[in-house]
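Step one of this worksheet: look at the structure below.
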Amino acid sequence: MDVKLIAGLEIHVQLATKSKLFCGCKVGFEDPPNSNVCPVCLGLPGVLPLMNKKAYEYAVRTALALNCQMARFTKWDRKSYYYPDLPKNYQISQYDLPLSHDGYMEIPLEDGTTKKVRIIRAHLEEDAGKNLHEGLDHSRIDLNRTGTPLLEIVTEPDLNSPVECRILAQELQKLVQFLGVSEANMQKGHMRFEPNINLQIIDDDGREYRTPICEVKNLNSFRALERAVAYEEWRQLEEWKHDHDFTLEKMGKQNRGWNDARNETIFQREKEEAHDYRYFPEPDLVPVELDDDWLEKIKAALCELPLAMKQRFIQDYELNDYDAGVLTADRATAEFFDGAVKAGGSAKRAANLVTQFGLKTAHERNCRVNELGVTVEQVAQLAQLVEEGAVSSSAAITIFEKMLTDESDPKAIAEKHNLIQQSDAGALEAIVDEVIAANLQAAEEVKSGGKKAKKARGFLMGQVMQKTKGQANPKIAGELLDGKLKE
Amino acid sequence: MSEKLTEDQIRHVAKLARLNCTDQEIATFTTQLAAILDYFDQLRELDTTDVEPLAHCLPIHNIFRPDQILPSLSNEQALANAPRRDGEFFSVPKILDDSNA
């Protein structure tokens, strides 16, 4: 028997505009309920929506980064919707002429290869408000979120494992953060996922079955997404094993919800019932035409994308996969590191400085690496000092720390605090000779190469370090010591 | 070309629109909607081969507002006409099927 998971993702990304999609109300996460609302987003009679230009441009920017075909003519439609969190009784969305279509996204897989996942479309629509009914006999409605701009991205069913679904979601988060079009903060619900999943099963007789496609609604974490897909993969196979009529032809599609506490999906409804959205063109909004000039202007705002940047760091800067991943986790860090290398710093040393000290400190101070008050030129110079052996790796961290408050160049700081390594072989040789002369027994132990040799060598190195107040370049001092104790 | 509308179709449309209709109303609407569809049949007689599809009746496009925050209503103003409220919230009968857009 051969079982293949087939999954596609529908992803909603909240765009980082200041105001809502069709009115000037603030997009705010923690404001008191029903305080960012006006007649437009409350759906009062006689109001007219007016589109936020930035929201459209952010949507186009993202679609371009997803390699989509851009529609030169796009329009909006009404989608019937009967829940009180969207009191107009319709959602303004896009139906037959979305602003973009037919793109793809490349995702890095765990085996080091990349996979191309096709994008069907990306369109701009409004969010609904929030229903709260935990422990109540009625529902409370907060309409602050109503009318917030959402980019809906729909992939082809090109994903074949729960992990691939999760990776795509995480890469998309990184992408929109890089592009500056969304905070993509999961805690604030800026990204929501709806995977649709089924199995292709070929039994031992070579007969092919397809299980019913299930759409799991509203997952709001990467973990829930991965687990929900994994659960469906297991559940659908179990159901099919139990009954070979558990197929798409016989059962149709269905919607399911995710119960995080119980770690399982729950049947909601047959999809056909809910399918009749009766879209029709939104008469209150005029179409948008995207001409060459405008498109070029939006293209100019595109930056190098995270995956491309990561691959460049690995290829051109010879970083390992892990460091390249850490450095491209957000755009500020990636550009800061890249800037330090371009300013002449050794890539490996600059990567160590940024990952070992810069990111940790930025995290402690709740800011980004580029906001620490240290310039890329300073980091570049510091990286070079380490590369040349003028300062040790540990001294470099100390210097970095001092650079947070001292604007001097790193070399001046190193000199001021006696952190320059003693790399002058001639001067070091004299010290090494001195140490050997004063510790003949230890020197003999190293020469004899017995059990005690390693410990004795460590002792002698320690003496050299002590005599130089820790400033001897350990590599050079070690070589001198070994050379003298060989014969 | 259009087939005759059935009462079941009207009931289906009413259900989608969350409307409760009496049998009498269903009968009335079936006749009325059928008459409207007849007008569309008349439109069908026109040759539209060379006519561009129209997305909007106004010959304008690209009407935007800048991304600028404008004052909202106060919570009190927002809730002033609500049939029921619960503190700062609108209050509605409990929603069981919590399906978002």
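By convention in this document, chain letters (A, B, ...) are assigned in the order of the sequence lines, proteins followed by strands, and residues within each chain are numbered from 1.
Taking CZ from F64(B) and CG from L285(A), the interatomic distance works out to 9.5 Å, rounded to the nearest 0.5 Å. Put simply, CG on L48(A) and CD1 on I63(B) are 12.0 Å apart, with the number rounded to the nearest 0.5 Å. A distance of 10.5 Å separates CZ in R84(B) from CD1 in I141(A), rounded to the nearest 0.5 Å. With rounding to the nearest 0.5 Å, the separation of CD in Q68(B) from NZ in K54(A) is 11.0 Å. The line from CZ of F90(B) to CG of L143(A) is 5.0 Å long, rounded to the nearest 0.5 Å. Put simply, NZ on K20(A) and CG on L70(B) are 12.0 Å apart, with the number rounded to the nearest 0.5 Å.
Shown here for K94(B) and L136(A), the closest heavy-atom pair between the two residues is NZ-O, 2.8 Å. The minimum heavy-atom distance linking A78(B) with V37(A) is given by the pair CB-CG2, 3.5 Å. Shown here for P33(A) and F89(B), the closest heavy-atom pair between the two residues is CG-CZ, 3.5 Å. Of all heavy-atom pairs between P287(A) and A55(B), the closest is CG-CB, 4.2 Å. Residues R65(B) and L21(A) share a closest heavy-atom pair of NH1-O, 3.6 Å. The minimum heavy-atom distance linking H56(B) with P283(A) is given by the pair NE2-O, 2.7 Å.
Note: P84(A) leads G257(A), S93(A), P84(A) in heavy-atom pairs under 4.5 Å with chain B. For chain A, the option among P66(B), A17(B), S74(B) with the highest count of heavy-atom pairs below 4.5 Å is A17(B). Between chain B and the residues K53(A), R140(A), E282(A), the most heavy-atom pairs under 4.5 angstrom are made by R140(A).
In this structure, F267(A) places its CZ atom where more than 12 heavy-atom neighbours from other residues, nucleotides or ligands lie under 6.0 Å away. The number of heavy atoms from other shown groups lying within 6.0 Å of CG (N81(B)) does not exceed 12. Heavy atoms from other residues, nucleotides or ligands lying under 6.0 Å from CZ of R262(A) number 12 at most. For CG of N20(B), the number of neighbouring non-hydrogen atoms (other residues, nucleotides, ligands) closer than 6.0 Å is 12 at most. Atom NZ of K75(A) is surrounded by more than 12 heavy atoms from other residues, nucleotides or ligands within 6.0 Å.
Side-chain contact between S19(A) and D67(B) is present, with heavy atoms from C-beta onward closer than 4.5 Å. Put simply, the side chain of L42(A) reaches to within 4.5 Å of the side chain of L73(B), judged on heavy atoms. Side-chain contact between D276(A) and H12(B) is present, with heavy atoms from C-beta onward closer than 4.5 Å.
Side-chain polar atoms of N75(B) and S35(A) form no donor-acceptor pair below 3.5 angstrom.
Both the backbone and the side chain of K26(A) have a heavy atom closer than 4.5 Å to some heavy atom of chain B. With a 4.5 angstrom heavy-atom cutoff, P39(A) touches chain B via backbone and side-chain atoms both. Neither the backbone nor the side chain of C41(A) comes within less than 4.5 Å of any heavy atom of chain B. Heavy atoms closer than 4.5 Å to chain B are found in the backbone of D137(A), but not in its side chain. Of the atoms belonging to A82(B), not a single heavy atom falls under 4.5 Å from chain A. In this structure, chain B has a heavy atom under 4.5 Å from the backbone of F22(A), while its side chain stays farther away. When heavy atoms are compared at a cutoff of 4.5 Å, P281(A) approaches chain B solely by way of its side chain, counted from C-beta outward.
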